[in-house]
There are 2 protein chains.
Amino acid sequence: MLVMTDGAADRSPRRPSRAGTGHRRSTGRDVAELAGVSQATVSLVFSGKTSGRVSAEVEERVRHAAAQLGYRPHASASTLRAGRARTVGLLVPDITNPFLGHVLRGAQRAGREHGVTVALIEPGSERNWQLTAMNALNAAAIDGMMLFAIEPPPSAAPTDLGPTVLVEAVAEGFPSVLLDVRQGTAAAVGYLLELGHRRIAHLGADLPPTTFKARASQWRRLLRRAGVDATEAPEVLAAFDLHAARGAAHQLLSMTPRPTALFCDDDLLAAGALMAAHDLRIPVPDQLSIMGFAGTLLSEAATPQLSTVLAPAEELGALGLRTLLQAMDGQATSPEPLPMTLVPRASTAPPRPPDR
Amino acid sequence: MLVMTDGAADRSPRRPSRAGTGHRRSTGRDVAELAGVSQATVSLVFSGKTSGRVSAEVEERVRHAAAQLGYRPHASASTLRAGRARTVGLLVPDITNPFLGHVLRGAQRAGREHGVTVALIEPGSERNWQLTAMNALNAAAIDGMMLFAIEPPPSAAPTDLGPTVLVEAVAEGFPSVLLDVRQGTAAAVGYLLELGHRRIAHLGADLPPTTFKARASQWRRLLRRAGVDATEAPEVLAAFDLHAARGAAHQLLSMTPRPTALFCDDDLLAAGALMAAHDLRIPVPDQLSIMGFAGTLLSEAATPQLSTVLAPAEELGALGLRTLLQAMDGQATSPEPLPMTLVPRASTAPPRPPDR
DNA sequence: CTGAAAGCGCTTACAG
DNA sequence: CTGAAAGCGCTTACAG
């Protein structure tokens, strides 16, 4: 049996080493020695700045030596010297949001192409996200950040925060990356209208980001244009969780005359509405159509499967990252909003004429 | 309008500065100057090593000066000098797994107490997770890692990888943090038996981690002990996604005699089973009981809501982190597995006597 | 095309 | 209880 001593021998003042692993990390100097070049050349090779500086033959020698030693540049040394971390933060209000995984994945994939790492940050217990963000920025742990469905307070000027891009949120002076929620809402509500529904109620999310306001106003506009009166098409807002949505849907479904369709701000809310319909023994889609929004796993897993409007989540994350990279270069421009796709499934059908 | 120039003036060779923010980050030296102490004292204050080294009065002065300047220690400088990143990696096979958000949250909260950050790493496009992990470790970006539901290949010795803890996975020589899956399975299957079911089929996940094997063997053991023959209680394995689960459940539900209950390895698989029951017009729970496993959002959002066994996800993450911290100190011990909790909901009921 | 050297902002053993 | 100084491993302008 091998007993790993970590003690006396390792306590030399100037030579900190990774605990427990036994072997010392190799450095650029080690690689340089083995390859017979200077340490600067090694650095050039690993930062991809060889063109016109290092010959192909020397580069090959360096890479070979590095592979032999299992060398990777020390991220912190590089950050410290170069003044950038090549890491950006993705600040989210709730890590457990099912949509998020795909946004993060898209951002990470796009980041990988540019040598940038995406760190997921949930402000959580700290007082507020702005503090968290400033801390990360001041600690030089990140070079910039994406705020997902969080709006900066009006007091926060873009220059206070360092390079920042809003994803599914809007604020004066910040570049935004958005879904085309108006078009998505038009697709969803238009589809319900085409099926023959008129009493299309709205189960909305009671959250500040404008992405939700846009759904509401567009829904209202389309119904008005179709000649549906506001009294026929009620609206209830719910907190962004299953149980609040279930309660709000109960309200909507107790109205007389009862809505024949529910347009929900998110799949999560639609899942809550499905629970309410089940509670009240209202068959879906025979007596009630339910439309989700987002196209998460939840819309597929629901019974019946939810008709929804699919958001290109990975693309949103990737576009967010690319826009942030531009903002870090001082070129902050908001790209075109990303189109959404209607996905008709089993939770929607033409309205049935009332039985009585 | 303010035009932010980033150019000439900033191009001095020795003085890299954060782009676009206008103001230079303040350093420990700035704080020291303002507080009238040495830079070393500032460092002592911020690394919490003041006791018996810095007087309360001086500490207060330093903190005040730091607050005025908005100072935060430079994370990379600290990492470089101290030889540890105070960051650990959480390696996961699939970022979008709904269970994961809670595990990560638990790990992050526990980490915060120890000044440790948890970075979420999805190996994704890279060749394999081991490469990703070694890269992160070699780049000194992380000090250790948790592998969530991933088993290291038999060839990987614990010493190759640096400090590593397995979460919901087991391998020779690595400390493991586990759910008490045997107890959870006993709760689930015991509950179905008590309801009066005998033909309890198993819809299993076709994945390597032993956590799944444990469910299968425990299910089989309990049925055998209850006198239920293997032919009465069939088993089908499915890939870990909704559609595979749906297909596998179709298989189980086409058998004669049909199982009266399905014990599923995860809520996701149970949701697929629910879809299959719906496809086949088998009412749940009247003609078929379905048990999930995990207690994710999916089990709540399903219609009917899924009876399940709740895994303490946040606690699992927190315990994983604490165990990793111990492993980094050379004290690698596997804690007791975490108990799971039966949550009876609407997808289970006593079996109905066959109609014919 | 390559090398020598400065210095990023910290931490820490040591001297006082 | 406090300060001066070394050095972690890089990147980069400059000299050759």
Side-chain angles (χ1 to χ4, degrees), chain A residues 10-18 24-33 35-62 66 69 71-86 115 138-141, chain B residues 10-18 24-33 35-62 66 69 71-86 115 138-141:
Chain A
D10 231 34
R11 289 247 174 79
S12 80
R14 307 297 177 206
R15 177 105 278 305
S17 92
R18 202 140 46 83
R24 183 176 143 291
R25 328 179 47 237
S26 45
T27 70
R29 182 177 298 274
D30 300 328
V31 176
E33 222 162 275
V37 300
S38 78
Q39 195 242 39
T41 303
V42 175
S43 172
L44 256 18
V45 167
F46 275 88
S47 49
K49 293 179 181 160
T50 51
S51 133
R53 316 268 277 112
V54 178
S55 68
E57 190 255 328
V58 167
E59 169 160 4
E60 181 44 36
R61 229 162 63 216
V62 168
L69 296 173
Y71 169 75
R72 296 235 79 201
H74 192 294
S76 294
S78 161
T79 294
L80 177 59
R81 185 57 185 85
R84 35 184 181 61
R86 306 207 68 81
N138 271 337
Chain B
D10 231 34
R11 290 247 175 78
S12 82
R14 305 299 177 208
R15 173 107 277 305
S17 92
R18 200 141 45 84
R24 183 176 142 290
R25 324 179 53 234
S26 43
T27 70
R29 182 177 297 275
D30 300 329
V31 175
E33 221 163 275
V37 301
S38 79
Q39 196 242 39
T41 303
V42 174
S43 173
L44 255 19
V45 168
F46 276 88
S47 49
K49 292 179 181 160
T50 51
S51 133
R53 315 269 278 110
V54 180
S55 69
E57 191 254 330
V58 166
E59 169 160 6
E60 180 46 35
R61 232 161 63 214
V62 168
L69 296 173
Y71 169 74
R72 296 234 80 202
H74 192 296
S76 294
S78 161
T79 294
L80 176 58
R81 184 58 184 84
R84 38 184 179 60
R86 305 205 69 80
N138 271 338

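Keep in mind that this is a model prediction, so the values were computed, not measured.
- Checked by atom type and distance alone, the side chain of A:R72 never pairs as donor or acceptor with a backbone atom of B:N138 at under 3.5 Å.
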**Report entry** Base-pair map of DNA chain C as dot-bracket, where | denotes pairing with a different strand and pairs are Watson-Crick or G-U under 3.5 Å
**Finding:** |||.||||||||.|||
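- In this structure, CZ on B:R29 lies 12.5 Å from OG on B:S43, to the nearest 0.5 angstrom.
- The distance from atom CZ of A:R84 to atom P of C:dG9 is 15 Å, rounded to the nearest whole Å.
- Nearest to the side-chain atoms of A:A82 among the listed nucleotides D:dT12, C:dT2, C:dC10 stands D:dT12.
- A:L69 has its CG atom 15 Å from the C1' atom of D:dG9, to the nearest Å.
- Counting all heavy atoms, side chain and backbone alike, A:V37 lies closest to A:R61 at CG1-NH2, 3.6 Å.
- When each of B:A75 and A:V37 is assigned the nucleotide of DNA chain C bearing its nearest heavy atom, the one mapping closer to the 5' terminus is A:V37.
- When each of D:dG9, D:dT2, C:dC10 is scored by its nearest atom to the side-chain atoms of B:T27, the top-ranked nucleotide is C:dC10.
- The interatomic distance linking A:N138 (CG) with C:dC10 (C1') rounds to 16 Å, in whole Å.
- OP1 or OP2 of D:dT12 sits under 4.0 Å from a side-chain N or O of A:K49.
- The structure places OG of B:S26 at 8.0 Å from OH of B:Y71, a figure rounded to the nearest 0.5 Å.
- Here the P atom of nucleotide D:dC10 and the CG atom of A:L80 are 12 Å apart, to the nearest Å.
- Listed by chain and residue number, A:A85, B:H74, B:S76 satisfy the side chain to side chain contact (heavy atoms under 4.5 Å, CB included) test with A:T79 (two or more places apart in sequence, or in another chain).
- Once rounded to the nearest 0.5 Å, the distance linking CD of B:E33 with OG1 of B:T27 reads 8.5 Å.
- Using a 4.0 Å cut-off on heavy atoms, the residues of residues 40-48 of chain B that approach DNA chain D are B:A40, B:T41, listed by number.
- B:R86 has its CZ atom 21 Å from the P atom of D:dC8, to the nearest Å.
- Contact annotation: A:S38 side-chain N/O to C:dG3 OP1/OP2 distance is under 4.0 Å.
- Atom CZ in A:R81 sits 12.5 Å away from atom CG in B:L80 (nearest 0.5 Å).
- For A:R81 and C:dC8, the CZ to C1' distance is 6 Å, given to the nearest whole Å.
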**Report entry** Full working for side-chain contact (heavy atoms from CB on, under 4.5 Å) between A:V62 and A:V58
**Finding:** CA-CA 6 Å; A:V62 168; A:V58 167; 4.3 Å; yes
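- The phosphate of D:dT2 (OP1 or OP2) has a side-chain N or O of B:S55 nearer than 4.0 angstrom.
- The phosphate of C:dT11 has OP1 or OP2 within less than 4.0 Å of a side-chain N or O from B:S78.
- Along DNA chain D, the nucleotide nearest to B:E57 and the one nearest to A:R72 differ in position, and the one closer to the 5' end is contacted by B:E57.
- Each of B:Q39 and A:R29 lies near DNA chain D, and the nucleotide nearest B:Q39 is the one positioned closer to the 5' end.
- As a whole-Å value, the separation of A:D30 CG from D:dC10 C1' is 13 Å.
- Rounded to the nearest 0.5 angstrom, A:D30 CG and A:Q39 CD are separated by 10.0 Å.
- In this structure, the CD atom of A:E59 is 12 Å from the P atom of C:dC1, given to the nearest Å.
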